[in-house]
Amino acid sequence: MTHEAPLSQDTQLVHAGSDPRRQGGYVNPPVHRASTALYRDTAEMDASQADPLKRGTPVYGRFGTPTGRAFEEALTVLEGGHATVATCSGLAAITTAILAYVRTGDHILVSDSVYLPTRKFCDSLAALGVETEYYDPCATGPGIAALIRPSTRLLYLESPGSTTFEVQDIPAITTACRARGVATIADNTWATPAFCRPLALGAGVDAVVHSATKYLTGHADSILGAIVCTEESYPLIRGAAIRLGQCAGADDVYLGLRGLRTLGPRLARHQEQALDLARWTAAQDGVAAVLHPALPEDPGHALWRRDFTGAAGLFGVELDPRFTKHAVEAMLNALRIFGLGHSYGGYESLIVPADPTTHRLPGTWSGRGPLIRVHVGFESPDDLKQDLRTALEALHTA
């Protein structure tokens with residue numbers, strides 16, 4: 001008896017979630033813009049109510065359509081999960097996944113380097129009687145174990161960290177948490193499953209969240225989120241999504257599915273151009289440090305090499321402490337190719353100022369100078385360097 005070899009990720013990116021036989025023979029699934037689903041008879045209607053997760057026959061558009069199912073199936077394969085729940089945004093994926101676990105009286109651990117909207121949401125949980133404790137993103141497995149209390153229900157991490165790009169020891173953290181019965185959720189937006197699969201690191205996280213708005217969609221034209229679950233976490237998270245009325249629009253999930261098909265070559269280009277620009281930027285006058293885990297001098301480089309297979313197009317730049325806010329604004333306003341805008345993961349290069357000191361715990365962020373976050377798109381590297389060169393001149397002369 002012969003066994004088929006597992007498909008490579010490049011092949012999975014092209015074919016996962018697609019079945020032309022159920023799509024009328026066409027390569028891409030149709031966009032199902034749907035709310036009401038009709039039953040053939042009362043027996044079928046009754047049967048639909050016996051499925052609490054609403055994953056069988058069509059019930060109502062809010063519970064998903066064939067277009068959404070195709071996106072969810074594809075991402076599940078790529079992350080190596082059991083099932084995926086699509087949401088209306090990345091933040092919706094984050095909040096839904098967290099709310100699936102927490103109850104009044106719970107204590108949760110959250111990386112101090114997380115996406116700021118995640119932090120604001122976790123802070124708001126105090127009104128529900130949930131205590132959030134932020135931990136140093138460079139803490140080890142034993143360091144995490146020491147923070148776990150009898151009431152600790154969940155640990156939420158983001159690796160690399162948002163804007164400051166610390167890489168966490170996910171295998172050590174998940175092993176420590178699973179030994180104490182603490183669930184773990186990882187934000188994998190930066191790396192995507194093309195470069196990291198947190199479900200397979202160490203004891204494995206319980207769920208992976210994505211702002212699919214970014215690299216997964218890749219064209220700055222969709223707002224979309226996703227939660228990839230294990231078999232154990234799926235009923236909990238899917239149930240929470242149903243209760244919260246969480247769903248994704250038909251056009252957005254279609255654009256997310258389309259983006260997955262080109263994720264491999266797009267990320268390869270992002271990685272190549274970002275590393276080139278990061279090395280160039282590190283050598284410029286006025287730059288104190290470049291925060292990019294794929295650079296050998298980065299503090300998280302060893303963990304990145306162990307757990308990741310590539311690097312995205314997003315990194316941080318710490319400027320010399322002597323530069324004022326006015327000088328940084330002059331630099332940003334001098335840019336002509338880099339767009340001054342939030343989000344990342346699209347084909348266009350972006351830049352935004354960041355200030356971790358406004359919300360980070362004392363000691364977990366050691367930078368002293370102004371920080372900017374850079375997303376490198378597909379423009380000419382020479383043009384991007386010239387744009388930054390002009391901006392740095394404005395920084396020095398402001």
Side-chain angles (χ1 to χ4, degrees), residues 9 79-80 109-115 134-148 155-179 184-205 208-209 215 267-268 270-283 287-318 344 354 356 360-361 363-369 371 373-376:
Q9 188 175 73
E79 281 283 9
L109 293 166
V110 178
S111 169
D112 193 43
S113 58
V114 292
Y115 178 52
Y134 296 97
Y135 68 87
D136 186 338
C138 297
T140 63
I144 291 296
L147 299 176
I148 295 175
L155 180 144
Y156 184 96
L157 64 90
E158 182 178 323
S159 183
S162 184
T163 72
T164 48
F165 301 93
E166 298 93 341
V167 180
Q168 296 189 51
D169 192 341
I170 297 178
I173 290 172
T174 57
T175 299
C177 286
R178 197 166 293 278
T184 51
I185 299 172
D187 186 325
N188 198 30
T189 301
W190 183 87
T192 82
F195 289 155
C196 184
R197 298 175 75 180
L199 290 167
L201 292 177
V205 299
V208 173
V209 297
Y215 287 116
L267 276 178
H270 281 301
Q271 174 176 237
E272 177 185 3
Q273 300 221 144
L275 276 171
D276 177 57
L277 192 68
R279 295 187 185 104
W280 179 88
T281 302
V287 174
V290 171
L291 314 178
H292 193 315
L295 297 178
E297 62 270 24
D298 189 272
H301 182 70
L303 288 175
W304 173 82
R305 282 186 61 87
R306 186 192 69 186
D307 296 339
F308 293 73
T309 59
L314 190 77
F315 60 90
V317 177
E318 183 188 352
Y344 62 90
R360 293 286 293 269
L361 296 173
T364 66
W365 165 240
S366 59
R368 295 181 296 115
L371 187 67
R373 191 186 74 177
V374 180
H375 168 64
V376 183

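A quick note: this is a predicted structure, and the numbers were derived from the prediction, not measured. The basis for the numbers below is simple: all heavy atoms, side chains too, and nothing from hydrogens, waters or symmetry mates.
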CZ/R306 to CD1/I170 distance, rounded to the nearest 0.5 angstrom? 9.0 Å
Does a side-chain heavy-atom distance below 4.5 Å link F308 with P160? yes
Given side-chain contact (heavy atoms from CB on, under 4.5 Å), test D169 with T140 step by step and report yes or no. CA-CA 6 Å; D169 192 341; T140 63; 5.6 Å; no
CZ (R373) and CG (L291) are apart, to the nearest 0.5 Å, by 12.5 Å
Geometric class of the H375/Y344 ring pair [parallel <30°, tilted 30-60°, perpendicular >60°]: tilted
Quick check: does any side chain N or O of T309 sit under 3.5 Å from a backbone N or O of A194, one acting as donor and the other as acceptor? yes
Minimum heavy-atom separation for R178 and A203, please, with both atom names. NE-O, 3.3 Å
Does the side chain of R360 reach to within under 4.5 Å of the side chain of P137, using non-hydrogen atoms? yes
Hey, does L201 have a side-chain heavy atom less than 4.5 Å from the side chain of C196? yes
CZ/F195 to CG/D307 distance, rounded to the nearest 0.5 angstrom? 14.5 Å
On a heavy-atom basis, the closest approach of A139 and I173 is O-CD1, 4.4 Å
Shortest non-hydrogen contact from P198 to E79? CD-OE1, 3.8 Å
Donor-acceptor pair, E158 side chain versus Y115 backbone, under 3.5 Å? yes
Shortest non-hydrogen pair, V287 vs A282, comes out as CG1-CA, 4.3 Å
Atom pair OG1/CZ of T281 and F315 - distance to nearest 0.5 Å: 5.0 Å
Show, in sequence, the C-alpha distance, side-chain angles and deciding distance for Y134 and T364, and conclude whether the side-chain contact (heavy atoms from CB on, under 4.5 Å) test is met. CA-CA 10 Å; Y134 296 97; T364 66; over 6 Å; no
Check whether any side-chain N or O of W280 sits under 3.5 Å from a backbone N or O of L275 as a donor-acceptor pair, and report yes or no. no
Is a side-chain N or O of W304 found less than 3.5 angstrom from the main chain of V167, in a donor-acceptor match? no
Between the OG1 atom in T174 and the CD atom in Q168, the distance rounded to the nearest 0.5 Å is 11.0 Å
What heavy-atom pair brings G313 and A274 nearest, and what distance separates the two atoms? CA-CB, 3.5 Å
Please report the interatomic distance OG1(T164) to CG(L371), rounded to the nearest 0.5 Å. 7.5 Å
Run the side-chain contact (heavy atoms from CB on, under 4.5 Å) check on D136 and L361 step by step: do they pass? CA-CA 8 Å; D136 186 338; L361 296 173; over 6 Å; no
Apply side-chain contact (heavy atoms from CB on, under 4.5 Å) to residues Y156 and V209 and explain how you reach the verdict. CA-CA 10 Å; Y156 184 96; V209 297; 3.5 Å; yes
Got a donor-acceptor contact below 3.5 angstrom from the E166 side chain to the G300 backbone? no
Contact summary for V205 and T184, nearest pair of heavy atoms: CA-OG1, 3.1 Å
